[in-house]
Number of protein chains: 2
Amino acid sequence: MHRTKVRVAEGALDANDTIARANRDDFDRAGVAVVNMMSAPGAGKTTLLERTIGSLDGIRLGVLEGDVQGSLDSDRIADLHVPVTQINTDPGFGGECHLDANMVRSAIPAVSLDDIDLLVVENVGNLVCPAEFRIGEDARVMVCSVTEGEDKPLKYPLMFRTCELVVINKIDLLPHLEFDLERLLANLDAVNPGVARLSVSARTGEGIEPWVEWLATVPERAGAAAAA
Amino acid sequence: MHRTKVRVAEGALDANDTIARANRDDFDRAGVAVVNMMSAPGAGKTTLLERTIGSLDGIRLGVLEGDVQGSLDSDRIADLHVPVTQINTDPGFGGECHLDANMVRSAIPAVSLDDIDLLVVENVGNLVCPAEFRIGEDARVMVCSVTEGEDKPLKYPLMFRTCELVVINKIDLLPHLEFDLERLLANLDAVNPGVARLSVSARTGEGIEPWVEWLATVPERAGAAAAA
């Protein structure tokens with residue numbers, strides 16, 4: 001029974017990859033680089049984006065928001081005059097706990113690809129399934145909060161293994177937590193040795209500059225990859 | 001295509017409910033009450049359980065740990081000499097983001113039901129799918145951390161709607177956060193009006209007593225329900 005289930009899952013993931021490639025082709029044609037941003041619920045993805053907007057000199061940003069229900073985060077982004085598109089996984093897709101390539105594909109017509117250089121996709125808050133579905137992205141970023149404890153890379157290894165950058169957020173709270181940053185980094189290296197990592201406080205702005213610099217390199221790298 | 005998908009999902013949930021009832025019959029026969037404990041990753045379920053153990057006078061506790069990989073949490077519980085059984089959803093079940101009735105069923109033979117009165121099932125850290133799968137529990141508890149923000153009930157309504165108690169954890173951090181507890185409670189009432197709620201700090205022990213008292217009533221209430 002489990003074997004059958006795994007085969008069905010593999011078929012679904014193959015189909016997802018095919019659609020992800022179609023998304024990627026659309027993004028490449030429009031010259032838009034795409035970042036898939038993932039985290040547990042409440043790790044601070046939206047606050048980090050709010051901090052980022054305005055610092056991305058010369059790069060036109062768009063945001064695609066993935067949520068089970070509602071538009072709380074896209075409302076926050078729209079308030080900052082950034083073009084934002086909402087995907088709700090509940091009414092259209094049965095309450096899915098992640099974005100997949102098909103959901104992103106269905107949203108592409110609503111995204112003004114001609115008006116942006118970089119599309120950040122804020123995935124549904126979840127450390128498991130979002131990592132299993134490529135959506136046509138150029139890069140994956142994972143935001144983890146120091147309030148979640150040091151053990152998360154060991155408990156959700158696929159998520160930490162499939163991203164190119166780990167942003168460690170809420171470092172302003174470190175003085176108030178029993179949190180061992182070195183232990184988190186060691187656990188991170190145990191599942192994804194040497195992966196790029198940055199420590200930030202989206203609330204205070206500490207460490208935001210290297211994050212913005214990293215983000216600004218994505219369109220450049222994506223352009224080189226598309227031309228190759 | 002979406003319609004087909006929804007139908008398939010409904011069939012799977014019906015099958016899950018049938019197995020959940022079989023689990024429930026086994027638990028009832030053994031006189032064991034079961035609590036399904038759910039939260040986002042890092043909300044503090046295990047720390048809350050560590051605090052709880054030892055305070056549950058006269059009630060023999062057992063724990064069933066659900067994790068994608070590893071046994072970090074069950075090791076912590078075993079250190080406190082509480083019988084604990086680990087379910088990993090990765091090797092056996094393909095990396096599932098939740099426990100379902102069949103996974104719990106497969107673990108029941110390893111749980112010494114005769115030696116316990118109350119089984120707490122620590123679900124996989126995730127605010128979406130665990131809420132969709134009953135496992136044969138008598139009660140559902142949701143742990144949410146104040147570090148996750150006030151908006152979580154609105155973004156993950158099913159989770160907050162299907163639980164009988166919401167434990168608001170990490171209140172020791174409130175002085176260091178821009179967090180409006182009243183707003184969280186209003187959002188909670190918007191999706192599950194009047195649901196029982198308790199504020200605790202699993203780290204400092206603040207507010208633990210009412211939580212332990214609530215937990216102690218579950219075997220009593222489950223016994224009455226089973227006899228009815």
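Note that these values count all heavy atoms, side chains included, but never hydrogens, waters or copies made by symmetry. Chain naming here is simple, since letters A, B, ... match the order of the sequence lines and numbering starts at 1 in each.
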K.L.:
Could you tell me which of B:Cys97, B:Gly70, B:Pro41, B:Gly149 has the largest number of non-hydrogen atom pairs under 4.5 Å with chain A?
P.N.:
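Sorted descending by pairs with chain A, the first entry is B:Pro41.
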
K.L.:
Looking only at heavy atoms and a cut-off of under 4.5 Å, which of B:Arg203, B:Glu148, B:Lys152 has the most pairs with chain A?
P.N.:
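Sorted descending by pairs with chain A, the first entry is B:Arg203.
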
K.L.:
Given that the side chain runs from C-beta out, which part of B:Asp67 has a heavy atom under 4.5 Å from chain A: side chain, backbone, both or neither?
P.N.:
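Side chain of B:Asp67 only, per the 4.5 Å heavy-atom cut-off to chain A.
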
K.L.:
Quick one: pull up CG in B:Leu177 and OG1 in A:Thr147 and give me the separation to the nearest 0.5 Å.
P.N.:
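Going from the CG atom of B:Leu177 to the OG1 atom of A:Thr147 covers 8.5 Å.
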
K.L.:
Atom NE2 of A:His176 and atom CG of B:Leu174: how far apart are they, to the nearest 0.5 Å?
P.N.:
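Going from NE2 on A:His176 over to CG on B:Leu174, the span is 12.0 Å.
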
K.L.:
With chain B, which of A:Asn88, A:Asn126, A:Asp90, A:Thr47 has the greatest number of heavy-atom pairs at distances under 4.5 Å?
P.N.:
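Top option by heavy-atom pairs under 4.5 Å: A:Asn126.
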
K.L.:
Applying a heavy-atom distance below 4.5 Å, give me the residues of residues 158-173 of chain A that approach chain B, sorted by number.
P.N.:
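So the qualifying residues are A:Lys170, A:Leu173.
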
K.L.:
Does any backbone or side-chain atom of B:Pro157 lie under 4.5 Å from a heavy atom of chain A? Answer side chain, backbone, both or neither.
P.N.:
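Just the side chain, heavy atoms under 4.5 Å.
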
K.L.:
Who wins among A:His98, A:Gln69, A:Glu132 for the most heavy-atom pairs under 4.5 Å with chain B?
P.N.:
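Between A:His98, A:Gln69, A:Glu132, the count favours A:Gln69.
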
K.L.:
Can you tell me which portion of B:Lys155 sits under 4.5 Å from chain A's heavy atoms? Options are side chain, backbone, both or neither.
P.N.:
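Both parts, backbone and side chain.
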
K.L.:
Between B:Val128 and A:Gly95, which heavy-atom pair has the shortest distance, and what is it?
P.N.:
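It is CG1-O, 3.5 Å.
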
